[in-house]
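One-based numbering, in listed order, for ligands and for the atoms of each. Keep in mind the model is a prediction, meaning the values are calculated, not measured.
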Amino acid sequence: MNILVINCGSSSLKFQLIDAETEELTARGLCERIGISGSRITFFPGDGEKVVREVSMPDHKTAIQLVLDALTDEGTGVLADLGQIGAVGHRIVHGGEAFAQATVITPAVKEAIRACSDLAPLHNPANLTGVEACEALMPGVPMVAVFDTAFHQTMPEEAYLYAIPYRYYEKYKIRRYGFHGTSHDYVSHRAAALLGRSYEELKLIVCHLGNGASVSAVRNGKCVDTSMGMTPLEGLIMGTRSGDLDPAVIQFIADKEDKSIGEIMSILNKESGVLGISGGLSSDFRDLENGSLEGERALHAFALRTAKYIGAYAAAMNGVDAICFTAGVGENSASVRGMICNSYLGYLGITLDEEANQKRGCETIITTPESLTKVLVIPTNEELAIARQTYALVRQA
Ligand code: ADP
């Protein structure tokens with residue numbers, strides 16, 4: 001069965017067509033600048049040449065129509081007709097407390113996703129637009145929602161409650177939810193497979209280090225803590241997000257610079273993180289690794305914050321069997337991994353295999369056989385995880 005995986009943002013839409021039986025990627029692509037001038041679709045058909053079309057996309061429905069046209073194009077397409085798409089898996093950012101796993105989309109599910117929009121005002125409405133565009137253009141094809149937050153719903157309340165008056169949790173569900181759940185879920189399962197151990201008996205720490213970054217603690221097959229909070233702003237230093245911060249800084253900047261809370265939130269989301277610490281050099285780790293003082297400053301702060309979370313989670317689980325690195329930085333940057341492990345994690349009995357640490361793009365154990373705690377690099381594949389969960393639900397139906 002072919003599964004179309006859709007990741008719909010406010011002005012962009014990424015898609016992959018995956019054969020659920022062979023787990024092969026049949027095609028993928030991206031629509032950019034939806035609703036803005038200069039929109040275009042880029043389509044990669046299997047092994048074929050990429051096709052780029054500059055074409056007007058006033059809304060998401062038009063974008064999805066262009067995706068379906070590209071998939072079924074007589075010359076460059078990969079499907080004879082749309083009947084060959086068995087189901088669509090949608091990435092939905094926030095499932096609140098309503099969704100602890102993926103689910104087939106019904107009108108009630110859409111209502112519940114809409115109700116979580118308060119918690120993710122930029123993402124959930126855009127995700128829903130993608131769902132409704134697909135429903136309109138592919139009537140009768142099952143749609144599945146796969147939530148970024150679902151994997152973290154197993155966290156105990158001592159991990160998810162903020163130490164603010166409890167009434168705010170009761171009234172507004174203000175609590176920590178966590179994100180990147182599909183990736184943490186996928187990577188932690190792959191880690192167990194790579195170690196040849198049962199998922200249910202392991203203590204794992206997964207470091208998803210990309211432009212957005214989060215760490216999770218997975219004990220006996222369940223997520224017990226994660227670094228992102230009610231929104232993705234909490235936790236690690238990220239590309240442009242500050243991560244943890246004394247909330248008093250917000251008031252201080254507001255007073256000094258006569259800014260609104262909204263303006264400061266935008267600074268914390270878009271101008272902070274390694275971009276901010278490097279004095280505006282870059283949010284891209286490849287640029288920070290250029291030997292400059294500014295880049296070094298940002299990299300060291302990033303490594304320290306990540307190491308502190310690893311330490312905290314080793315404590316929270318009373319031990320750790322393996323630490324996994326994934327996503328853009330985690331998979332590709334041997335120097336960031338080296339900085340974290342060599343500078344801070346010796347107390348866990350970690351000894352890096354420097355040669356293995358240089359490998360890229362494949363699942364690898366990067367510690368020596370004697371290392372007491374294993375460190376793994378595991379490329380994440382959120383789209384495949386969404387396709388798997390979609391297939392599992394649709395096959396049951
Ligand atoms: P997201 O999905 O959050 O946008 P990714 O997981 O794709 O992010 O990670 C993107 C980041 O990965 C880039 O901003 C860049 O900093 C980093 N990255 C990619 N390749 C490398 C590399 N070879 N070395 C260091 N960092 C890299």
Quiz item: Would you call R241 and E234 a salt bridge, using N to O less than 4.0 angstrom?
Solution: no
Quiz item: Counting only heavy atoms not in N318, do more than 12 sit closer than 6.0 Å to its CG atom?
Solution: no
Quiz item: Considering only protein heavy atoms, which is closest to atom 6 (O) of ligand 1, and at what distance to one decimal place?
Solution: G328 N, 2.9 Å
Exercise. Please confirm whether R395 makes a cation-pi placement over Y391, using NZ or CZ under 6.0 Å from the six-membered ring centre and within 45° of the ring normal.
Key: yes
Quiz prompt | Protein contact to atom 15 (C) of ligand 1 [nearest heavy atom, distance to 0.1 Å] | solution = D284 OD1, 3.3 Å
Quiz item: Which residue holds the protein heavy atom closest to atom 23 (N) of ligand 1, what is that atom called, and what is the gap in Å?
Solution: N332 CB, 3.4 Å
Quiz item: Would R286 and D284 satisfy salt bridge (Lys or Arg N to Asp or Glu O under 4.0 Å), going step by step from the backbone distance to the final call?
Solution: CA-CA 5 Å; R286 285 163 290 200; D284 191 309; 2.7 Å; yes
Quiz item: atom 4 (O) of ligand 1: which protein heavy atom is closest, and how many Å away?
Solution: N211 CB, 3.5 Å
Quiz item: Would you call G212 a ligand 1 contact, heavy-atom distance under 4.0 Å?
Solution: yes
Quiz prompt | I340-V377 co-clustered via ILVMFWY side chain contacts under 4.5 Å | solution = yes
Practice problem: Would you mind running through ligand 1 and noting each atom that sits below 4.0 Å from a heavy atom of S333? | Solution: 25 (C)
Quiz item: Is it the case that more than 12 heavy atoms not belonging to Q101 sit under 6.0 Å from its CD atom?
Solution: no
Exercise. Provide the number and element of each atom of ligand 1 under 4.0 Å from a heavy atom of A327.
Key: 6 (O)
Quiz prompt | Distance from atom 19 (C) of ligand 1 to nearest protein heavy atom, with residue and atom | solution = R286 CZ, 3.6 Å
Quiz item: What protein heavy atom sits nearest atom 17 (C) of ligand 1, and how far off is it?
Solution: V329 CG2, 3.6 Å
Quiz prompt | Closest approach of any protein heavy atom to atom 26 (N) of ligand 1, naming residue and atom | solution = F285 CB, 3.6 Å
Self-check item: Residues that, via side-chain heavy atoms closer than 4.5 angstrom, fall in one hydrophobic cluster with I261
Solution: L233, L245, V249, I250, I253, I264, M265, L268
